[in-house]
There are 2 protein chains.
Amino acid sequence: MITPTIVEGLRPYALGEKLRGLRLRKSMGLVELGKHTGLSAAMLSKLERGKLFPTLPTLLRIALVFGVGLEYFFTDERKRHVVAIARKRERLRFPDNPGKGSIAYNFESLDFNATERKLNAFYAEFEPVAAEKVRLHQHAGVELLYLISGTLDLTIGSETFVLEAGDAVYFDSGVRHSYHRASKGPCTGVIVTA
Amino acid sequence: MITPTIVEGLRPYALGEKLRGLRLRKSMGLVELGKHTGLSAAMLSKLERGKLFPTLPTLLRIALVFGVGLEYFFTDERKRHVVAIARKRERLRFPDNPGKGSIAYNFESLDFNATERKLNAFYAEFEPVAAEKVRLHQHAGVELLYLISGTLDLTIGSETFVLEAGDAVYFDSGVRHSYHRASKGPCTGVIVTA
DNA sequence: CTCCCGTTTTCCTGCCACGACAAGACCGGT
DNA sequence: ACCGGTCTTGTCGTGGCAGGAAAACGGGAG
């Protein structure tokens, strides 16, 4: 069932304009694109003018020709002018694991007041914890860690890396990982997940 | 026409798993989701198991319930087990604008050896530049800046914010923006874009 | 075992994506 | 002007596949 509400909800993605943009950028005609995709020129025209919603197979065929992923069409281009500032003094600090003896790190959210997050960022202070007590965790996406000070043991899967101040890592956070402060002094860093 | 090639091309998006993930995260049943979306539980089951490709209207209905955009489904989740470490000493430093007098900042890529980037991260040292010479720039996506030291004037669109060490900003980098070091001493930070 | 709940399978319907075709529309070239 | 040619947009028809209804399956709990 195709209701006005749904049509409205799909409009912001501007599929038609994006399709037309891709095609014209390569100065290609509807018929030519039709040959490459195996679709009729007539239908391509309708798609570009928003008279019709492509099925995923259809959309993928076109995407393949232009070498883009489907995400190209669905990255919401509503320019939400997001600006969220997290002042150091205003930030809340959460212990990683309140009430237990094994607090591995304190962290502060750096963008908790951004409505729409594609990124989650934290400022972390790693606390000394017995190596056997550190907890592994995992979550979908990727993670980026920039170490500002101290030395940190980072375990990813079965491997452990030693990071010094100024080092950075980028890894798939779907793999189990854990942090362990290796330096005597303070150990701080910025963590960004997506 | 629905060919094996197309099926293969759609697999990496793992629509089914994502749908199921969304539903289970809210510990919701197929029937309940059916009520909210106006879709039959039977079909939802098929979608989650990849037996069927949803049309865009259908997909949108589900997305609306969970408050996600369609982009949620099409960000390619090929789990390449990425681990890329950028050691401080091994990193290359690029001036923002080599050969010209108006170098606003030096930056070092923090994940340049990661094959598939969803995130781009830089360590930046902001240099003193006359305020009128700073250049505005823009690029798709969002940007996150964590200021490690110094004071920085950040202009986003027509607004200017003053950031102190430890502050962080999260904003839509599609809007024109520029950096300008406000402190006498060194001014450094981490920039992540997505 | 029976009841209950959520899920999957089966079967079928009908909507709408998509194609075929033709009619504009807009170019040059002669 | 009058033609090709190329690109685009209507109109109409169809069948593939999304989607529904209901029955079968499965797993706890009692």
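Lettering of chains follows the sequences in order, A, B, ..., and the numbering in each one begins at 1.
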*Remember a base hit wins even if backbone is also touched, and classify B/Arg61 as base, sugar-phosphate or nothing at under 4.0 Å, heavy atoms.*
nothing
*Just how far, in rounded Å, is P of D/dT8 from CE of A/Met43?*
15 Å
*Assign each of B/Thr55 and B/Lys46 to its nearest nucleotide of DNA chain C by heavy atoms, then name whichever residue's nucleotide is nearer the 5' end.*
B/Lys46
*Is B/Glu32 salt-bridged to B/Lys35, cutoff N-O under 4.0 Å?*
no
_Please report the distance, rounded to the nearest Å, between CG in A/Leu39 and P in D/dT8._
15 Å
*Side chain of A/Ala42: nearest nucleotide among D/dA18, C/dT8, D/dG10?*
D/dG10
*A/Leu52 CG - C/dC16 C1' separation (whole Å)*: 8 Å
*For the side chain of A/Arg49, starting at C-beta, report the closest nucleotide among D/dG10, C/dA17, C/dG19.*
D/dG10
*asked:* Students often get this wrong, so: under 4.0 angstrom with heavy atoms, is B/Ser40 touching a base, only sugar-phosphate, or nothing?
replied: base
*Can you check the B/Leu59 CG to D/dA18 C1' distance for me, whole Å?*
13 Å
*Side chain of A/Leu30 only, please: which of C/dT7, D/dG19, D/dT8 is the nearest?*
D/dT8
*How are the rings of A/Phe74 and B/Phe74 set to each other: parallel, tilted or perpendicular (split at 30° and 60°)?*
parallel
*Contact class for B/Ser45 (heavy atom, under 4.0 Å): base, sugar-phosphate, or nothing?*
base
*Please determine, for the side chain of B/Arg23, which listed nucleotide (C/dT8, C/dA17, C/dT7) has the closest atom?*
C/dT7
*asked:* Is there a path of hydrophobic side-chain contacts, each under 4.5 Å between heavy atoms of I/L/V/M/F/W/Y residues, joining A/Leu24 to A/Leu33?
replied: no
*If you look at every strand shown and take non-hydrogen atoms under 4.0 Å, does B/Gly38 touch a base, only sugar-phosphate, or nothing?*
sugar-phosphate
*Evaluate the side-chain contact (heavy atoms from CB on, under 4.5 Å) criterion for residues B/Val31 and B/Leu44: first the C-alpha distance (whole Å), next the side-chain angles of each, then the deciding distance (0.1 Å), finally the verdict.*
CA-CA 9 Å; B/Val31 267; B/Leu44 292 171; over 6 Å; no
*How many Å lie between CG on A/Leu24 and P on D/dC7, as a whole number?*
12 Å
*What nucleotide, of C/dC21, D/dG19, D/dC7, holds the atom closest to the side chain of A/Val31?*
D/dC7
*Side-chain donor or acceptor of B/Lys51 under 3.5 Å from a matching atom on the base of C/dT7?*
no
*Quickly work out the A/Glu48 CD to D/dT8 P distance and round it to whole Å.*
7 Å
*Quickly work out the A/Glu32 CD to D/dT8 P distance and round it to whole Å.*
10 Å
*Round to a whole Å and report the spacing from CG of B/Leu33 to C1' of C/dC5.*
17 Å
*Is there side-chain contact between A/Thr5 and B/Leu64, with heavy atoms separated by less than 4.5 Å?*
no
